[in-house]
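Read the structure below first, then the notes.
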Amino acid sequence: MQIPSLELQIQTLPDNPGVYQYYDKEGKILYVGKAKNLKKRVSSYFNKIHDTKKTNVLVRKIVTIKHIVVPTETDALLLENNLIKTLQPRYNVLLRDDKSYPWICIKREPFSRIFLTRRMIKDGSEYFGPYTNFKMVYTILDLIKELYPLRTCNYDLSESNINSGKFKVCLEYHIGNCKGPCEGIESLEDYQRQVDAIREILKGNFKESMKDFKRLMNQYAQDLRFEEAQKIKEKIEILENYQSRSTIVNPKITNIDVFSIVSDESAAYVNFLQISHGSIIRSHTMEIKKKLDETDEELLELAIIELRERFQLLSKEVIVPFDVDLGENIKVTVPQLGDKKQILDLSVRNAKFYRIEQLKQLQIVDPDRHVNRIMAQMQKDLRLQAEPRHIECFDNSNIQGTNPVAACVVFKDGKPSKKDYRHFNVKTVVGPDDFASMTEIVYRRYKRLLDENEPLPQLIIIDGGKGQLSAALKSIDELGLRGKIAIIGIAKRLEELFYPGDSIPLYLDKKSETLKVIQQLRNEAHRFGITFHRDKRSKAALNSSVESIPGIGEKTMLALIQHFKSVKRLKLATEKEISDIVGVSKAKKIVDFYKTN
């Protein structure tokens with residue numbers, strides 16, 4: 001059967017919400033997406049040239065378009081998420097997670113046991129979780145054990161078994177960890193009351209347990225049962241301590257999920273916090289690998305649907321950094337201030353820390369991939385045509401026009417390449433003219449690279465604002481390199497980046513890796529230039545000082561310059577130290593000269 005043309009397939013798509021699937025000529029799934037309007041969304045792929053190469057490659061491979069119409073956009077979100085996980089298309093982001101997370105189970109049975117498990121069995125038992133780390137589970141189970149004496153055995157404590165005396169109390173009863181339901185010493189009603197209180201704690205509600213314990217403590221105190229009252233007081237303190245560690249927001253904020261996203265060129269990191277009764281009862285961060293330069297909005301929508309499904313979240317409100325479309329049944333809140341904004345900021349901070357940890361690990365395990373990521377990020381941030389694998393930065397140094405020098409530092413793959421650093425003595429400029437000096441050294445640098453057929457950088461950075469950039473551009477134009485090499489200026493005061501022909505500067509995020517690399521280049525150029533300038537000034541001062549000593553010639557002068565570096569050190573040197581360099585008679589002349597002057 002012949003496949004209809006793409007144009008015909010698009011024309012026959014409905015205007016309803018649904019999920020679309022792209023297949024290649026071999027029938028392999030390429031991409032799954034959702035849409036409010038299937039026809040408009042799919043058409044948008046084919047009526048323009050996309051910004052990213054990957055998207056253009058995807059579009060060229062599409063041969064067949066399939067679709068599933070659903071009643072609402074919420075259904076489309078859920079179906080898209082399920083299809084991505086099931087089909088794992090090549091061009092969709094990865095949201096898979098191979099971990100099996102721990103749950104806390106309240107077993108459906110008489111005198112319910114409460115325990116940790118990784119397997120969910122659909123037998124009517126209640127499961128709380130999943131928790132993202134075992135430490136949290138053990139802490140909660142320890143808390144429950146401290147507060148409520150529950151059985152740990154796996155006996156079938158049916159009424160008939162208890163009445164027939166089938167079981168006997170164990171050591172747990174004798175040491176006070178269990179109240180002996182197996183022999184009927186504790187009633188089912190009393191036991192289940194404890195289970196109800198534990199259920200509330202697992203939901204994050206500590207109020208009821210606190211009230212019950214306080215009422216019991218007061219009752220024991222009135223009955224003069226002070227030892228038992230003290231034990232209850234200790235339990236209240238345990239509960240208060242646990243609650244104070246987990247409560248970070250207004251207790252009125254309850255049953256809300258918080259989602260935030262931090263992304264770079266290749267991946268996004270979504271953090272999720274579950275808030276119940278003013279407490280964070282769960283936190284989880286997931287990494288999403290980008291495939292088609294997806295927007296943060298698209299990634300966050302997909303991640304929210306996945307996390308809500310994975311953790312069985314039923315809250316009716318979510319807090320997010322920007323508006324997302326999650327269907328009609330979920331309230332989306334984008335807070336600007338107050339308690340909800342503080343929770344969102346905490347979530348963002350968690351996502352950032354997780355990203356930093358992952359990048360540090362990547363830098364150690366796979367340094368090449370780390371470099372590739374930074375280069376791709378710099379290309380995007382600085383709006384460059386190519387990745388800046390080879391960057392050169394220029395800086396001038398002079399004091400009131402004396403000893404004008406310049407420095408050129410070179411970074412390759414984001415790291416200093418010190419063997420390629422160059423110093424320049426400014427030759428054609430008289431007086432303190434930084435602009436003319438910049439024009440001269442940029443011309444000399446790239447004239448030489450062109451003459452020697454050496455590789456040119458992808459990016460030139462000029463330490464200075466618009467004036468310095470314009471001066472450097474004169475040489476770039478004269479050498480016919482405009483458009484072949486990107487060039488920008490960085491102004492010191494506000495870290496403004498200036499581009500040729502654009503009066504409005506670019507401001508990068510102060511914490512961005514791109515700005516950090518540029519600042520490192522600028523600081524290295526400044527250090528390298530200043531060191532050269534100081535050496536030159538010292539030699540000039542030594543030169544003039546030594547030349548005025550009677551009987552000291554040029555060769556002697558050079559030997560002293562090379563050894564002592566500065567006039568001050570020469571003046572402080574002993575006659576013996578000087579004689580070791582230039583002989584006894586000349587050393588005496590130098591020492592006598594400095595004594596009389």
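Below, each value reflects all heavy atoms present in this structure, side chains not excepted, and no hydrogens, waters or symmetry copies.
- The line from CD of Glu309 to CD1 of Ile304 is 14.0 Å long, rounded to the nearest 0.5 Å.
- Here the side chain of Glu298 pairs a donor or acceptor atom with the backbone of Thr295 at under 3.5 angstrom.
- In this structure, Lys34 and Glu301 have side chains that are in contact, with non-hydrogen atoms separated by less than 4.5 Å.
- In plain terms, the two heavy atoms of Ile10 and Ile65 that are nearest each other are CG1-CD1, 3.9 Å.
- Classification of Arg308 and Asp257 as a salt-bridged pair holds, one side-chain N sitting under 4.0 Å from a carboxylate O.
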Test log, rule salt bridge (charged side-chain N to carboxylate O under 4.0 Å, His left out), inputs Glu387 and Lys412: CA-CA 11 Å; Glu387 289 183 355; Lys412 290 182 176 176; over 6 Å; no
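- Proximity of Leu473 to Arg482: side-chain heavy atoms (C-beta onward) are separated by under 4.5 Å at one or more points.
- Taking every heavy atom of both residues into account, Leu469 and Ile488 meet most closely at CD1-C, 3.8 Å.
- Around the CZ atom of Phe322, the shell of radius 6.0 Å holds more than 12 heavy atoms that belong to other residues, nucleotides or ligands.
- For the residue pair Gln21 and Tyr31, no side-chain donor N or O sits within less than 3.5 Å of a side-chain acceptor on the partner.
- Annotation: the span from Arg90 atom CZ to Leu58 atom CG amounts to 9.5 Å, rounded to 0.5 Å.
- Looking at heavy atoms from C-beta onward, Leu508 lies in side-chain contact with Leu497 at the 4.5 angstrom threshold.
- Lys66 forms a cation-pi arrangement with Tyr23, by the criterion of a distance under 6.0 Å to the ring centre and an angle within 45° of the ring axis.
- A donor-acceptor pair under 3.5 Å is formed between the side chain of Ser470 and the backbone N or O of Lys466.
- The pair Arg522-Glu524 does not count as a salt bridge, with every side-chain nitrogen at least 4.0 angstrom from each carboxylate oxygen.
- Rounding to the nearest 0.5 Å gives a distance of 9.5 Å between CD1 of Ile62 and OH of Tyr91.
- Nearest heavy atoms, Val324 versus Val332: O-CG2, 3.6 Å.
- A donor-acceptor contact shorter than 3.5 Å links the side chain of Tyr499 to the backbone of Leu382.
- With contacts defined as side-chain heavy-atom distances shorter than 4.5 Å, the pair Leu481/Leu450 qualifies.
- In this model, no donor atom of one side chain and acceptor atom of the other lie less than 3.5 Å apart for Thr64 and Gln9.
- Between Thr285 atom OG1 and Asn350 atom CG the span is 5.5 Å, to the nearest 0.5 Å.
- In terms of heavy-atom proximity, Gln458 sits nearest to His390 at OE1-N, 2.7 Å.
- In summary, the side chains of Ser417 and Asp420 do present a donor paired with an acceptor at a separation below 3.5 Å, with no hydrogens or angles considered.
- Evaluated for a side-chain contact (heavy atoms from CB on, under 4.5 Å) with Ile518, the options Ile391, Leu459, Ile461 yield exactly one hit, Ile461.
- Within the 4.5 Å cutoff, side-chain heavy atoms of Val318 are placed close to those of Ile330.
- Relative orientation of the Tyr45 and Tyr20 rings is perpendicular, given thresholds of 30° and 60° on the angle between their planes.
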Pair Asp24-Lys61, salt bridge (charged side-chain N to carboxylate O under 4.0 Å, His left out): steps then yes or no: CA-CA 5 Å; Asp24 64 13; Lys61 287 184 176 181; over 6 Å; no
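- Using modelled atom types and a 3.5 Å distance limit, the side chains of Ser347 and Asn271 yield a donor-acceptor pair.
- Shortest non-hydrogen contact noted between Leu479 and Val442 is CD1-O, 4.5 Å.
- A salt bridge links Arg113 with Glu109; the closest basic N to acidic carboxylate O contact falls under 4.0 Å.
- With rounding to the nearest 0.5 angstrom, the SG atom of Cys393 is 6.0 Å from the CG atom of Asp463.
- In this structure, the side chain of Asn453 does not engage the main chain of Leu449 through any donor-acceptor pair within 3.5 Å.
- Residues Ile490 and Ile462 fail the side-chain proximity criterion, which asks for heavy atoms closer than 4.5 Å.
- The pair Glu126-Lys107 does not count as a salt bridge, with every side-chain nitrogen at least 4.0 angstrom from each carboxylate oxygen.
- The existence of a salt bridge linking Glu317 and Lys340 is confirmed by a sub-4.0 Å separation between a basic side-chain nitrogen and an acidic carboxylate oxygen.
- Taking 4.0 Å as the cut-off between side-chain N and carboxylate O, Asp15 and Lys39 do not count as a salt-bridged pair.
- Side-chain contact of Gln377 with Asp381: a donor-acceptor pair under 3.5 Å is present, judged by distance alone.
- Looking at Leu300 and Phe259, their side chains come closer than 4.5 Å, going by heavy atoms from C-beta outward.
- Note that OG of Ser125 and CZ of Phe115 are 6.5 Å apart. Values are rounded to the nearest 0.5 Å.
- With a 6.0 Å cutoff to the six-membered ring centre and a 45° limit on the axis angle, Arg389 does not count as a cation-pi contact of Phe411.
- Side-chain polar atoms of Glu392 and Tyr446 form a donor-acceptor pair below 3.5 angstrom.
- Salt bridge status for Asp264 with Lys290: absent, with no side-chain N to carboxylate O gap under 4.0 Å.
- In this structure, Leu344 and Pro321 approach most closely via the heavy-atom pair CD2-CA, 3.7 Å.
- Between Val262 and Asp296 the shortest side-chain heavy-atom distance does not fall below 4.5 Å.
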Salt bridge (charged side-chain N to carboxylate O under 4.0 Å, His left out) for Arg349 and Asp345? Distances and angles first, verdict last. CA-CA 6 Å; Arg349 200 153 66 243; Asp345 291 342; over 6 Å; no
